[in-house]
Amino acid sequence: MTIDISLIAVILNFVLLLICLNAILYKPLKGFLSDRQKKIQDDIEEANQASIKANKLAEEREGELKNAIEEARKIKDTIRHEAENQAENILKAAKEQERDIVSQTENKLKTMGKNAMKDLEIQLTEIVADLTGKILSEKIDDTKDKELINKLITKRGQR
């Protein structure tokens, strides 16, 4: 078995070709694929972090929404309490006003009653005075006495 120089030249060419292809194609292609794989890993990790941040943000928003709902409920309760208090105050004021009106009306009625009694007393005094004058001026029997009283009452009623 003899080794031919051309076989050595082909082997050297093949090794040289492998070295050249390794330097020109394989290393850049391997670097490109490695960079690509690293970029994909970074993108996946970044997407995971973004998802975590989005979940945290969603939880924060949900908490804020719950707080806003709770605050709205408290405001609604406060407003309802204030409205109930105002209604009670209005009712109290109306009842006090009603009592004042009733009291004023009762006072007016009492005053009017007193005035009516005074007027009656005055009229009775005048009737008695007129009757006394008539009795003194003439002698009156029972029938004339009744006629005179009816006449005076009728006369006073027409005034």
Side-chain angles (χ1 to χ4, degrees), residues 1-130 149-150 152-159:
M1 283 213 241
T2 62
I3 296 183
D4 195 358
I5 290 190
S6 67
L7 181 62
I8 292 178
V10 169
I11 291 176
L12 280 175
N13 272 338
F14 181 73
V15 171
L16 189 63
L17 180 63
L18 283 178
I19 291 173
C20 287
L21 285 177
N22 186 32
I24 293 174
L25 290 176
Y26 182 71
K27 283 186 180 179
L29 189 58
K30 186 178 176 183
F32 174 75
L33 290 176
S34 174
D35 289 344
R36 177 82 174 146
Q37 185 178 7
K38 184 178 178 186
K39 186 173 186 314
I40 290 171
Q41 280 291 61
D42 290 345
D43 288 346
I44 289 172
E45 190 173 319
E46 189 176 312
N48 287 336
Q49 289 176 357
S51 175
I52 291 170
K53 284 182 182 179
N55 287 338
K56 284 182 183 178
L57 187 60
E59 288 174 5
E60 288 176 8
R61 295 294 182 228
E62 188 175 319
E64 289 175 2
L65 181 62
K66 286 180 183 177
N67 290 340
I69 290 171
E70 181 67 24
E71 187 174 333
R73 187 177 52 76
K74 286 179 182 178
I75 290 171
K76 179 182 164 187
D77 289 343
T78 301
I79 290 171
R80 186 177 342 115
H81 258 80
E82 289 176 4
E84 288 172 356
N85 289 340
Q86 280 184 336
E88 287 177 17
N89 291 339
I90 290 171
L91 286 175
K92 285 179 184 177
K95 286 181 182 179
E96 287 178 15
Q97 189 176 14
E98 176 188 15
R99 277 181 274 188
D100 290 344
I101 291 171
V102 168
S103 176
Q104 288 174 358
T105 305
E106 287 174 352
N107 289 338
K108 284 181 182 179
L109 287 174
K110 286 179 184 177
T111 304
M112 289 173 68
K114 287 179 183 178
N115 290 339
M117 289 300 287
K118 285 181 184 178
D119 287 345
L120 282 175
E121 286 176 5
I122 290 171
Q123 287 179 2
L124 281 174
T125 304
E126 289 175 1
I127 289 172
V128 169
D130 284 346
I149 290 173
N150 287 334
L152 285 174
I153 289 174
T154 308
K155 194 178 188 184
R156 292 285 177 191
Q158 290 177 354
R159 283 188 187 175

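Side-chain atoms are counted along with the backbone in the values below, which use heavy atoms only and exclude waters and symmetry mates.
- Among residue pairs with one or both ends in residues 82-103, none qualify as salt bridge (charged side-chain N to carboxylate O under 4.0 Å, His left out); sequence neighbours excluded.
- By the 4.5 Å heavy-atom criterion applied to side chains, L65 and R61 are not counted as neighbours.
- Using a distance-only test at 3.5 Å, with no hydrogens or angles considered, a donor-acceptor pair links the side chain of T154 to the main chain of N150.
- Note that CZ of R36 and CG of D43 are 8.5 Å apart. Values are rounded to the nearest 0.5 Å.
- Shown here is E71, whose CD atom has no more than 12 heavy atoms of other residues, nucleotides or ligands within 6.0 Å.
- Looking at S51, its side chain never comes within 3.5 Å of a backbone N or O of A47 through a donor-acceptor pair.
- The existence of a salt bridge linking E62 and K66 is confirmed by a sub-4.0 Å separation between a basic side-chain nitrogen and an acidic carboxylate oxygen.
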Next on the checklist: salt bridge (charged side-chain N to carboxylate O under 4.0 Å, His left out), that's the test. Do D35 and K39 meet it? Break it down for me.
Outcome noted: CA-CA 6 Å; D35 289 344; K39 186 173 186 314; over 6 Å; no

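- The existence of a salt bridge linking D77 and R73 is confirmed by a sub-4.0 Å separation between a basic side-chain nitrogen and an acidic carboxylate oxygen.
- In this structure, the separation between CD on E46 and NZ on K53 is 8.5 Å, given to the nearest 0.5 Å.
- Minimum interatomic distance between A23 and P28 (heavy atoms only, all atoms of both residues): O-CD, 3.5 Å.
- To the nearest 0.5 Å, atom CG of residue N22 and atom CG of residue L29 are 11.0 Å apart.
- To the nearest 0.5 angstrom, L12 atom CG is 11.0 Å from I5 atom CD1.
- E64 CD: more than 12 foreign heavy atoms inside a 6.0 Å radius.
- Counting only heavy atoms from C-beta outward, the side chains of Q41 and K38 never approach each other to under 4.5 Å.
- Here the NZ-CD distance, from K114 to E121, works out to 12.5 Å after rounding to the nearest 0.5 Å.
- With values rounded to the nearest 0.5 angstrom, L120 atom CG is found 10.0 Å from T125 atom OG1.
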